[in-house]
Amino acid sequence: MPYRPFRQVPMAPADPILGLTEQFKRDPNPNKINLSIGVYQDESGVNPVLKSVKQAERLWQEQEHTKEYLPMPGEQRFGELVRDLVFGARHPLLAQQRAVTVQAPGGTGALRVAADFLYHLTPKAKVWISEPTWPVHRGLFAGAGFAIETYPYYDDARHALRFEELLATLERVPEGDIVLLHACCHNPTGLDPTAAEWQRLAEVFARRPILPLLDFAYQGFGDGLEEDALAVRTFAQADLTLLVTTSLSKNFGLYRERVGALTVVSGSADEAERVFSQLKVSVRTIYSNPPAHGGKVAEIVLCDPALRTQWLAELAEMRERIQAMRHLLVESARKAGVQRKLDFLLEQRGMFSFSGIPKEQVLRLRAEYGIYLMENGRINVAGLTRKSIPYFCQALAAVERGRAAAG
């Protein structure tokens with residue numbers, strides 16, 4: 001009899017985000033809305049290809065002369081440009097050659113390289129993640145071998161940061177542990193520390209032997225390209241050793257091209273060179289070398305003054321549309337008679353928001369109205385349009401009334 005070692009393999013549960021998108025695609029409701037997946041959409045409900053990206057792709061098509069593998073850490077110029085975006089082109093640590101960058105398949109790939117590198121360096125350390133956080137954070141670091149702990153972050157009742165509790169927890173994090181922070185546009189809450197709070201956080205890390213890892217996935221989607229780098233630059237100013245994972249998949253609209261990077265800031269140029277050698281080992285054993293197309297497109301845009309100006313305008317347009325949808329949602333909810341006050345949405349930044357909609361209402365919205373959001377109430381504000389917001393608010397008001405009547 002043939003050997004059948006996979007007979008007892010169980011069916012894996014659907015991914016909480018991508019599984020919902022598959023369900024959404026099968027839904028016949030003509031008014032259906034997908035607010036679950038973290039992809040920017042324009043007013044027509046489509047994830048657009050940026051004009052600056054399209055032009056850069058045409059230029060690259062004319063210039064490309066080989067399909068040879070990239071080096072393990074990716075293109076050197078790409079790494080330089082990422083560091084300029086993250087820290088600012090004139091930051092002293094760049095001149096000191098204390099920061100090294102490896103190109104990765106998206107921000108997720110960058111996190112995976114960080115996890116592999118850190119686990120080989122400190123296998124007994126724990127990784128601390130915010131409660132709540134992007135669900136993949138837990139899987140990535142647990143899959144690398146780490147034990148996971150959480151720190152308090154969001155108060156559901158007040159729609160505010162549990163900042164003092166966060167600080168108190170950081171004081172208790174054991175020596176050598178790793179703390180993962182969202183640099184801006186916190187996913188899933190949309191709520192970030194203030195400038196003063198980031199400064200206080202940096203002071204704790206400067207005083208304690210714990211390692212910060214900043215996940216910087218949404219630069220430019222909060223308050224602006226430079227403004228959103230506040231957290232990273234505050235930590236860099238404090239002369240901290242730190243890791244930064246970057247995604248260009250979002251702010252360039254290059255989702256399917258998977259464009260990301262991991263940057264590590266060390267204490268000296270010599271230390272950085274040794275870290276770089278170990279990062280290349282991690283890359284080699286995970287995916288060998290990064291894909292080229294998306295990174296090259298981003299590089300062309302960033303290096304061409306006209307295309308860069310056009311990209312910045314397109315990025316501002318995306319950011320401003322998200323902010324406009326937040327305002328329109330709050331206003332429309334009031335008009336539709338939604339009982340839940342949504343004004344707190346205006347204090348949040350980026351694509352995501354913790355709406356506070358309870359699970360039973362989320363399930364009714366999905367089953368009765370074809371409106372898909374995460375069971376914890378997270379919504380992607382960029383998935384809303386001027387046309388779909390009234391329908392969403394009317395449906396929300398209806399399920400609220402249904403709950404009250406049932407009670």
Side-chain angles (χ1 to χ4, degrees), residues 69-76 78-79 82-83 86-87 93 96-130 133-151 170 173-183 205-206 208-217 232 235-236 239-247 258-291 295:
Y69 290 124
L70 291 187
M72 285 183 287
E75 296 278 13
Q76 180 179 339
F78 177 85
V82 166
R83 292 193 292 274
V86 170
F87 299 106
L93 69 84
Q96 296 162 4
Q97 298 183 322
R98 292 171 46 210
V100 293
T101 303
V102 294
Q103 189 174 342
T108 307
L111 285 162
R112 183 64 182 84
V113 174
D116 186 81
F117 164 68
L118 291 172
Y119 187 75
H120 283 89
L121 182 69
T122 57
K124 294 183 180 179
K126 295 180 180 179
V127 173
W128 294 71
I129 58 178
S130 65
T133 193
W134 180 46
V136 180
H137 280 152
R138 181 181 290 274
L140 276 169
F141 286 92
F146 282 108
I148 307 297
E149 298 284 352
T150 61
Y151 57 84
L170 292 181
V173 170
E175 179 178 342
D177 280 6
I178 301 146
V179 180
L180 192 157
L181 302 157
H182 298 236
F205 281 96
R208 299 217 55 232
I210 53 179
L211 179 65
L213 191 166
L214 285 87
D215 188 358
F216 199 9
V232 177
F235 277 45
D239 197 27
L240 300 176
T241 293
L242 70 149
L243 296 88
V244 183
T245 57
T246 308
S247 173
R258 311 303 298 129
V259 188
L262 166 64
T263 299
V264 181
V265 177
S266 301
S268 67
D270 175 70
E271 183 180 306
E273 186 176 0
R274 286 182 276 115
V275 167
F276 195 47
S277 72
Q278 294 296 334
L279 293 178
K280 287 189 284 187
V281 172
S282 292
V283 167
R284 180 61 172 161
T285 55
I286 299 172
Y287 53 82
S288 192
N289 39 61

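One N or O on the side chain of Thr285 and one on the backbone of Ser282 form a donor-acceptor pair closer than 3.5 Å. Counting only distance, with no hydrogens or angles, the side chain of Arg98 and the backbone of Leu93 share no donor-acceptor pair below 3.5 Å. In this structure a side-chain-to-backbone donor-acceptor pair under 3.5 Å is missing from Asp177 to Ala125.
In this structure Arg208 satisfies the side-chain contact (heavy atoms from CB on, under 4.5 Å) test together with Glu171, Val173, Val204, Ile210, sequence neighbours excluded. Arg258 is linked by a side-chain contact (heavy atoms from CB on, under 4.5 Å) to Pro105, Thr108, Ser249, counting only residues two or more places apart in sequence or in another chain.
Looking only at side-chain heavy atoms (C-beta outward), Leu118 and Val127 stay at 4.5 Å or farther from each other. Taking 4.5 Å as the limit, every side-chain heavy atom of Lys126 sits out of range of all side-chain heavy atoms of Pro174. Side-chain contact between Leu213 and Leu181: absent, with no pair of heavy atoms (C-beta onward) separated by less than 4.5 Å. With contacts defined as side-chain heavy-atom distances shorter than 4.5 Å, the pair Leu170/Phe205 qualifies. Taking the side chain as every heavy atom from C-beta outward, Ile286 and Val113 approach each other to under 4.5 Å.
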Enumerate, atom names and distances included, each donor-acceptor pair closer than 3.5 Å involving a side-chain atom of residues 271-279, sequence neighbours excluded.
from   : atom 1 : to     : atom 2 : distance (Å)
Glu271 : OE2    : Gly267 : N      : 3.0
Arg274 : NE     : Asp270 : OD2    : 3.1
Arg274 : NH2    : Asp270 : OD2    : 2.9
Ser277 : OG     : Arg274 : O      : 2.6

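For the residue pair Ala144 and Ala115, the shortest heavy atom distance occurs at CB-CB, 3.7 Å. Looking at every heavy atom in both residues, Phe87 comes nearest to Val244 through CZ-CG2, 4.4 Å. Taking every heavy atom of both residues into account, Leu240 and Pro212 meet most closely at CD1-CG, 4.4 Å.
A donor and an acceptor atom, one from each side chain of Arg83 and Thr101, are located under 3.5 Å apart.
Residue Lys280 places its NZ atom among more than 12 non-hydrogen atoms of other residues, nucleotides or ligands, all under 6.0 Å distant.
Atoms OG1 and CZ, from Thr246 and Phe216 in turn, are 7.0 Å apart once rounded to the nearest 0.5 Å.
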